[in-house]
Colleague: 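Below is the structure I would like to discuss, written out as structure tokens.
All chains are named by letter (A, B, ...) in the order of the sequence lines, taking the proteins before the strands, and each is independently numbered beginning at 1. Remember, predicted model here, so these are calculated numbers, not experimental data.
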2 protein chains.
Amino acid sequence: MDRLETRELAYFLAVAEELHFGRAAARLGIAQPALSRSVARLERRLGVGLFERTSRSVALTPSGRALVEDARYALDAVSAAAHRAQRAGAVEPRLVLAIKVGGDGGRLPDLLAAYQREPDVLPVHVIFAADRCASLRDGRADAALLYDPIDDLRGFDTQPLLTDPPVAVLPTAHPLADRTGIRMDELRGETVHRRDDNVVGSIDELMHRIALGQLVAVLPRSLTVPLRADLAAVPVTDAAPLTLVLAWPGYSTAPSVAALARAAESVHRAGPEPGTAGPPIR
Amino acid sequence: MDRLETRELAYFLAVAEELHFGRAAARLGIAQPALSRSVARLERRLGVGLFERTSRSVALTPSGRALVEDARYALDAVSAAAHRAQRAGAVEPRLVLAIKVGGDGGRLPDLLAAYQREPDVLPVHVIFAADRCASLRDGRADAALLYDPIDDLRGFDTQPLLTDPPVAVLPTAHPLADRTGIRMDELRGETVHRRDDNVVGSIDELMHRIALGQLVAVLPRSLTVPLRADLAAVPVTDAAPLTLVLAWPGYSTAPSVAALARAAESVHRAGPEPGTAGPPIR
DNA sequence: CCGATCCATGCCTCCAGGGTATCGATCGGC
DNA sequence: GCCGATCGATACCCTGGAGGCATGGATCGG
């Protein structure tokens with residue numbers, strides 16, 4: 001069997017996500033028969049069936065289920081190779097760091113300052129990306145600030161920056177808003193913000209939606225200072241602490257990324273600067 | 001720019017490794033003009049030059065250098081997707097664990113026994129692969145027993161199993177053979193076995209070559225018990241301890257791999273079984 | 001100055017991949 | 001139970017890209 005082509009994997013993924021050849025073909029901008037043939041060819045080359053088809057339904061086989069996440073990962077790796085090669089060829093190469101607006105826990109200035117003291121540094125370009133994990137996986141970013149265990153860190157190397165107790169953010173009108181501590185099970189019945197709801201592009205937007213009563217959220221404490229007047233922050237007593245980490249692809253060998261990791265380690269060792277318990281610096 | 005195809009990346013890698021279009025084309029089994037065109041097309045699509053060519057020499061540009069390792073990684077990810085999908089479709093799916101002959105530090109029986117007590121287990125198929133890292137990266141194996149820091153663990157998640165002091169293995173006739181401890185710098189001038197010399201397929205073969213005086217090696221102590229009569233093991237006082245780890249791809253989500261990781265953790269917690277300081281069990 | 005080396009270019013061939021039309025199977029509605 | 005709608009597979013054709021061969025053009029050694 002010779003090597004799979006990325007087009008075949010992308011076509012497979014589209015069908016696996018739609019579970020419908022017609023819709024998948026429309027999404028890919030090709031006709032349905034071409035897609036059917038391409039997937040059939042992929043199955044023939046692999047020697048295993050990926051879908052159980054009838055004329056009324058399409059379902060993944062065990063092989064197909066296994067391939068979904070591996071295919072996504074492989075396609076991201078190919079995209080990452082292309083993106084990074086393009087960036088390396090730019091007139092002025094940069095190190096791209098992805099953060100969410102307001103999601104730096106106030107440590108970004110320290111991190112960048114420490115980075116500038118390292119050898120092998122490039123100019124840092126900070127991008128504000130709603131989905132920093134995706135930016136990191138497909139190579140649009142070289143590193144990102146993520147939260148463990150909120151974000152999916154599999155496949156990344158990480159360096160902790162700041163560990164924060166979890167607090168629930170509620171509208172002031174909420175019955176639990178003036179408690180001094182709550183347990184996660186007391187939030188049963190609420191719409192709790194989860195990592196999968198990546199519809200929320202920024203912390204400010206999330207806060208706005210909480211104030212509107214659309215949902216509540218459990219966040220690291222540093223993200224809740226300062227807090228809007230119409231919101232309350234209540235410590236959660238039984239949730240794991242949330243750690244802000246610098247993350248980068250585990251296979252990365254770029255010296256500039258290694259320098260950023262060393263900088264993050266030194267910032268973490270220095271700990272929260274005393275006397276600056278105030279608002280996070282943007 | 002649309003997505004790169006794996007063929008283009010493979011062609012690029014061949015040229016990057018040979019730095020010669022003719023030889024690379026021969027290795028790929030195609031004619032040189034086809035390869036020249038394919039690489040030129042890749043450069044056009046990326047929008048960056050990958051090689052500096054004259055009619056007498058071929059050299060990588062900065063972009064090209066950056067792409068080499070990312071391309072290797074991406075191609076491995078594609079191969080891994082194919083291999084794992086094929087295995088998942090086998091009549092009896094198995095979990096493939098790669099070890100080097102004799103390279104299990106005697107912990108493999110405990111590990112397999114602990115694994116059988118986990119839920120979600122598959123039958124384990126142990127393969128003996130000279131290059132376990134490559135097997136793991138391209139999906140021929142689901143997990144492997146590796147040594148930190150001898151093997152390249154980037155991109156893998158790991159669970160320590162056993163930490164061992166480093167010892168130098170020398171022919172008994174060697175001037176340092178009857179010392180009670182040596183420093184790494186005293187091995188200057190010797191041919192020391194390194195991770196890159198993956199020509200050595202097994203521990204027994206390595207021992208044989210040491211006895212022949214071809215090289216010496218620094219190994220974890222557990223690999224040197226029992227030792228051939230014509231070899232001596234001398235503790236190295238200034239090298240980092242060597243840790244036998246279970247490694248698996250960092251992005252893996254298979255429940256059977258997670259079960260193996262939990263089993264490895266319990267074996268590690270249990271520590272070396274007392275009274276079995278003897279030979280490693282094969 | 002000439003031959004050897006080596007990458008690029010021109011030109012031809014062929015087939016993989018895409019399009020349109022249609023078949024065949026299945027399911028819901030009447 | 002029949003009929004139309006839905007949806008994947010198949011048949012057939014066409015185009016573009018990938019590969020082969022021949023050759024050009026540049027560079028270096030002698």
Colleague: Provide the closest heavy-atom pair for B:A16 versus B:V68 in the form atom of the first, atom of the second, distance.
Modeller: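 Reported closest heavy-atom pair: CB-CG2, 3.8 Å.
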
Colleague: May I ask you to decide if the ring planes of B:Y73 and A:Y251 are parallel, tilted or perpendicular, using 30° and 60° as cut-offs?
Modeller: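 Parallel, since the angle between the ring planes stays under 30°.
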
Colleague: Would you tell me if any nitrogen or oxygen in the side chain of B:R41 comes within less than 4.0 Å of OP1 or OP2 on D:dG17?
Modeller: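 For D:dG17, neither OP1 nor OP2 has a side-chain N or O of B:R41 closer than 4.0 Å.
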
Colleague: Need one value for A:A31: base, sugar-phosphate or nothing, where a base atom within 4.0 Å counts as base even if backbone is also close, heavy atoms only.
Modeller: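 Base, at least one base heavy atom under 4.0 Å.
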
Colleague: Between atom CD in A:Q32 and atom C1' in D:dT10, what is the gap in whole Å?
Modeller: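 It works out to 10 Å between those atoms.
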
Colleague: If you look at every heavy atom in B:P93 and B:P123, which pair is closest and at what distance?
Modeller: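 Shortest heavy-atom contact: O-CD, 3.6 Å.
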
Colleague: Whole angstrom is fine here: how far is it from CZ in A:F51 over to P in D:dA9?
Modeller: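 That distance rounds to 10 Å.
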
Colleague: By nearest heavy atom, map A:P33 and B:A34 onto DNA chain C; which one lands nearer the 5' end?
Modeller: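 That would be B:A34.
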
Colleague: From CD1 of B:I30 over to C1' of D:dG20, roughly how many Å is that when rounded to an integer?
Modeller: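 One finds 10 Å between C1' of D:dG20 and CD1 of B:I30, rounded.
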
Colleague: What are the bounds, 5' to 3', of the part of DNA chain C that sits under 4.0 Å from heavy atoms of chain B?
Modeller: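 Result: C:dT5 to C:dC11.
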
Colleague: Whole Å only: how far is the CG atom of B:L28 from the P atom of D:dG20?
Modeller: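 That distance rounds to 10 Å.
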
Colleague: To the nearest Å, give me how far apart CG (A:L19) and P (D:dG8) are.
Modeller: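 About 10 Å, once rounded to whole Å.
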
Colleague: Categorize B:R56 for me: base, sugar-phosphate, or nothing, with a 4.0 angstrom heavy-atom threshold over every strand shown.
Modeller: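 Base, at least one base atom sits under 4.0 Å.
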
Colleague: Give a yes or no answer on whether the side chain of A:R87 reaches the backbone of A:R140 with a donor-acceptor pair at less than 3.5 Å.
Modeller: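 Yes, because the side chain of A:R87 sits within donor-acceptor range (under 3.5 Å) of the backbone of A:R140.
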
Colleague: Going by distance alone, is a donor N or O of one side chain under 3.5 Å from an acceptor N or O of the other, for A:E5 and B:T6?
Modeller: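 The criterion, which ignores hydrogens and geometry beyond distance, is satisfied for B:T6 and A:E5.
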
Colleague: Considering non-hydrogen atoms only, spot the tightest contact between A:L136 and A:A144 and give its length.
Modeller: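 The answer is CD2-CB, 3.9 Å.
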
Colleague: Of the options D:dA9, D:dG20, D:dA18, whose atoms approach the side-chain atoms of B:R7 most closely?
Modeller: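 Out of D:dA9, D:dG20, D:dA18, the nucleotide with an atom closest to B:R7's side chain is D:dA18.
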
Colleague: With a 4.0 Å cut-off on heavy atoms, is B:Y11 in touch with a base, just the backbone sugar-phosphate, or nothing at all?
Modeller: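 Here B:Y11 touches the backbone only, sparing every base.
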
Colleague: Would you classify B:R37 as touching base, sugar-phosphate or nothing, given that sugar-phosphate means primed atoms plus P, OP1 and OP2, and contacts are heavy atoms under 4.0 Å?
Modeller: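 Base contact.
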
Colleague: Rounded to whole angstrom units, what separation is found between the NE2 atom of A:H20 and the C1' atom of D:dA5?
Modeller: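 Going from NE2 in A:H20 over to C1' in D:dA5 covers 12 Å.
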
Colleague: Does the side chain of A:L97 come within less than 4.5 Å of A:W248's, by heavy atoms?
Modeller: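 The answer is no, as the side chains (C-beta and beyond) never meet within the 4.5 Å cut-off.
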
Colleague: Starting from C1' on D:dA18, measure out to CD on B:E8 and report it in whole angstrom.
Modeller: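 In whole Å, D:dA18 C1' lies 11 Å from B:E8 CD.
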
